[in-house]
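Just below is one structure, and these are the notes that go with it.
Predicted model, so just to flag it, every value in this text is computed and none were measured.
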Amino acid sequence: GLALDMVDGSIHFEGDDDGAYRRLRFARASTSLDLSNALFQGKRLQHHSMGELMGPEIRERFPDAAIATEFHRRLALPTGALALGLLAVPLGIRPSRGGRSAGAIVAAAIMGLYWCVFTAGQTISESGWLPAWLGLWLPNAIVLVLALYLTRRTMRGEV
């Protein structure tokens with residue numbers, strides 16, 4: 001802990017409602033502060049390396065569903081960026097009646113929907129309702145299927 005020793009000081013108190021004022025004088029005062037919770041708090045699961053996630057000390061401190069969710073989140077999220085990039089190709093080359101702003105709105109809507117489904121999958125996986133691989137990889141699978149479908153339609157000229 002941290003110990004504070006104070007010499008020849010005062011503490012000033014001001015009343016909230018009645019405007020009263022008090023002053024407490026002291027020749028010597030000592031107090032100790034326990035900072036162990038603030039300074040030595042255990043690392044959160046997100047702060048551990050991939051190697052640490054597989055270690056036995058993590059398995060003792062965190063539930064299996066949370067560990068699996070964190071593991072799959074670290075793999076699925078960057079893969080989702082690639083899947084969204086693949087989806088952007090057919091959306092970008094398709095002629096749109098609404099112009100470029102319509103394409104940007106569609107892209108923003110798809111990204112927002114992806115993020116909502118991904119976050120919901122993460123929450124459901126952490127609670128143990130769904131396996132982590134399903135909850136976190138399902139949004140990527142949906143985006144990838146949509147990208148393949150739109151790419152096929154674009155290649156055939158069905159715009």
Side-chain angles (χ1 to χ4, degrees), residues 1-6 11-12 14 16 30-159:
L2 177 67
L4 295 175
D5 288 324
M6 300 171 280
I11 301 174
H12 301 266
E14 186 175 328
D16 292 334
S30 179
T31 185
S32 63
L33 303 172
D34 182 17
L35 300 176
S36 61
N37 286 340
L39 296 176
F40 304 110
Q41 196 176 46
K43 291 198 294 189
R44 293 174 56 199
L45 199 53
Q46 293 87 354
H47 299 142
H48 290 279
S49 69
M50 287 292 270
E52 290 173 337
L53 284 178
M54 300 300 127
E57 63 277 353
I58 298 298
R59 298 223 178 261
E60 293 172 4
R61 292 180 42 216
F62 295 98
D64 287 341
I67 295 169
T69 300
E70 180 62 20
F71 177 80
H72 284 284
R73 183 190 69 83
R74 291 184 186 189
L75 298 175
L77 195 55
T79 306
L82 291 173
L84 287 167
L86 289 174
L87 179 61
V89 172
L91 288 176
I93 61 176
R94 294 178 72 189
S96 176
R97 292 185 184 143
R100 290 184 184 183
S101 63
I105 291 171
V106 168
I110 289 172
M111 282 179 42
L113 185 60
Y114 171 84
W115 187 251
C116 288
V117 173
F118 187 86
T119 305
Q122 181 177 354
T123 303
I124 290 170
S125 296
E126 283 176 350
S127 68
W129 288 4
L130 273 181
W133 64 268
L134 181 61
L136 292 166
W137 288 94
L138 184 61
N140 293 348
I142 292 169
V143 168
L144 189 58
V145 167
L146 183 59
L148 293 173
Y149 172 74
L150 290 177
T151 300
R152 184 175 176 193
R153 284 194 60 186
T154 302
M155 288 176 62
R156 288 184 175 177
E158 302 172 8
V159 285

Which atom pair, heavy atoms only, marks the closest approach of [X] to [Y]?
| X | Y | result |
| --- | --- | --- |
| P131 | S125 | O-OG, 3.6 Å |
| S30 | D5 | OG-OD1, 2.8 Å |
| I58 | E52 | CG1-O, 2.8 Å |
| R59 | M54 | NH2-SD, 4.3 Å |
| A76 | F118 | CB-CE1, 4.0 Å |

Spatial distance of atom OG1 (T79) from atom CG (L136) [nearest 0.5 Å]: 11.0 Å
Any side-chain heavy atom of [X] sitting closer than 4.5 Å to one from [Y]?
| X | Y | result |
| --- | --- | --- |
| V89 | T151 | no |
| L84 | I110 | yes |
| F71 | I67 | no |
| E70 | E126 | no |
| W137 | L75 | yes |
| Q122 | L77 | no |

Under 3.5 Å donor-acceptor, N140 side chain and A83 backbone: no
Worked verdict on I142 versus L138 for side-chain contact (heavy atoms from CB on, under 4.5 Å): CA-CA 6 Å; I142 292 169; L138 184 61; 4.0 Å; yes
Take a 6.0 Å sphere around [atom1] of [X] and say whether it holds more than 12 heavy atoms from other residues, nucleotides or ligands.
| X | atom1 | value |
| --- | --- | --- |
| E14 | CD | no |
| M155 | CE | no |
| R74 | CZ | yes |

